[in-house]
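These notes concern the structure reproduced below.
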Amino acid sequence: MAHVFTYGTLEIPEVMEAVTGRAWASAEARAKGYAKFLLKGRIYPGMTAVQGAICSGRIYYHIDQRTLDILDAFEDEVYIRKRIEVEVAEDRFLQAYAYLIPPQDRECLTSTPWKPDEFMTRHLVRYLEACKIFHRDVSGRPLLQPEG
């Protein structure tokens with residue numbers, strides 16, 4: 001079991017449930033040393049290391065391997081899953097997986113911060129439907145094991 005830090009669409013509990021097929025215990029969290037920006041040509045963000053920045057998000061607790069596999073399949077190929085430290089309460093830190101944009105791929109990010117309110121107003125309904133379709137599709141077939 002692992003914890004997963006989310007900072008974009010998956011930080012919305014309804015999206016996480018649509019993608020994974022179940023609700024998860026979660027809490028607000030922050031990742032120091034990271035910032036999120038819109039991905040070029042996308043409606044969702046990527047998070048990358050930025051000295052002095054703090055990225056707000058949500059941590060989901062006790063994620064099983066099958067769900068990690070589903071999240072790996074869901075995430076765009078530009079992300080890497082990496083374990084980072086996140087703050088879940090004042091001076092309480094946990095290790096959690098996060099999907100990051102590696103420094104060498106920083107050019108795929110814009111300089112525009114992601115605006116969750118705008119996403120929820122303009123895109124959430126359609127996005128949730130797409131996530132539910134994704135879950136139905138991925139649930140009906142075996143997942144590939146990641147290399148390495």
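Residue indices begin at 1 and follow the sequence shown.
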Should the ring pair H3 and H62 be called parallel, tilted or perpendicular, given that the plane angle runs from 0 to 90° and is split at 30 and 60?
perpendicular
Look at the rings of Y127 and Y44 and say which category their plane angle falls in: under 30° parallel, 30 to 60° tilted, over 60° perpendicular.
tilted
Side chain T110, main chain L38, donor-acceptor under 3.5 Å:
yes
Look only at the side chain of K32 and the backbone of E85, and say whether a donor-acceptor pair between them is shorter than 3.5 Å.
no
According to the salt bridge (charged side-chain N to carboxylate O under 4.0 Å, His left out) rule, which pairs have a member within residues 50-60, sequence neighbours left out?
none
Within this structure, what is the [atom1]-[atom2] distance for the pair [X] and [Y], rounded to the nearest 0.5 Å?
X: R30; Y: E90; atom1: CZ; atom2: CD; value: 7.0 Å
X: R81; Y: L100; atom1: CZ; atom2: CG; value: 11.5 Å
X: T6; Y: E75; atom1: OG1; atom2: CD; value: 9.5 Å
X: E107; Y: I101; atom1: CD; atom2: CD1; value: 9.5 Å
X: L124; Y: E129; atom1: CG; atom2: CD; value: 10.0 Å
X: T67; Y: R22; atom1: OG1; atom2: CZ; value: 6.5 Å

Among F5, F93, Y61, which one satisfies side chain to side chain contact (heavy atoms under 4.5 Å, CB included) with V88?
Y61
May I ask you to test the [X]-[Y] pair for a side-chain heavy-atom distance under 4.5 Å?
X: E11; Y: T9; result: no
X: L39; Y: W114; result: no
X: I63; Y: M16; result: yes
X: V15; Y: L128; result: yes
X: I84; Y: M47; result: yes
X: L10; Y: F74; result: yes

Looking only at heavy atoms, which two atoms of [X] and [Y] are closest? And how far apart?
X: A35; Y: A53; answer: CB-CB, 3.9 Å
X: H135; Y: A18; answer: CB-O, 3.1 Å
X: K36; Y: S56; answer: NZ-O, 3.1 Å
X: V138; Y: A73; answer: CG2-CB, 4.4 Å

Other residues, nucleotides and ligands only: do more than 12 of their heavy atoms fall within 6.0 Å of [atom1] on [X]?
X: K82; atom1: NZ; value: no
X: Q95; atom1: CD; value: yes
X: R122; atom1: CZ; value: no

Side chains of D72 and Y99, donor plus acceptor under 3.5 Å:
yes
Can the ring centroids of Y7 and Y34 be said to lie less than 6.0 angstrom from one another?
no
Yes or no on side chain to side chain contact (heavy atoms under 4.5 Å, CB included) for F37 and V50, after CA distance, side-chain angles and deciding distance?
CA-CA 11 Å; F37 303 96; V50 174; 4.2 Å; yes
How would you list, by chain and number, every residue that makes a side chain to side chain contact (heavy atoms under 4.5 Å, CB included) with A2, sequence neighbours excluded?
L68, Y97
Verdict with supporting geometry, M1 and D64, side chain to side chain contact (heavy atoms under 4.5 Å, CB included):
CA-CA 5 Å; M1 298 286 194; D64 58 73; 3.9 Å; yes
hydrophobic_cluster_shared for L71 and I133, side chain cutoff 4.5 Å
no
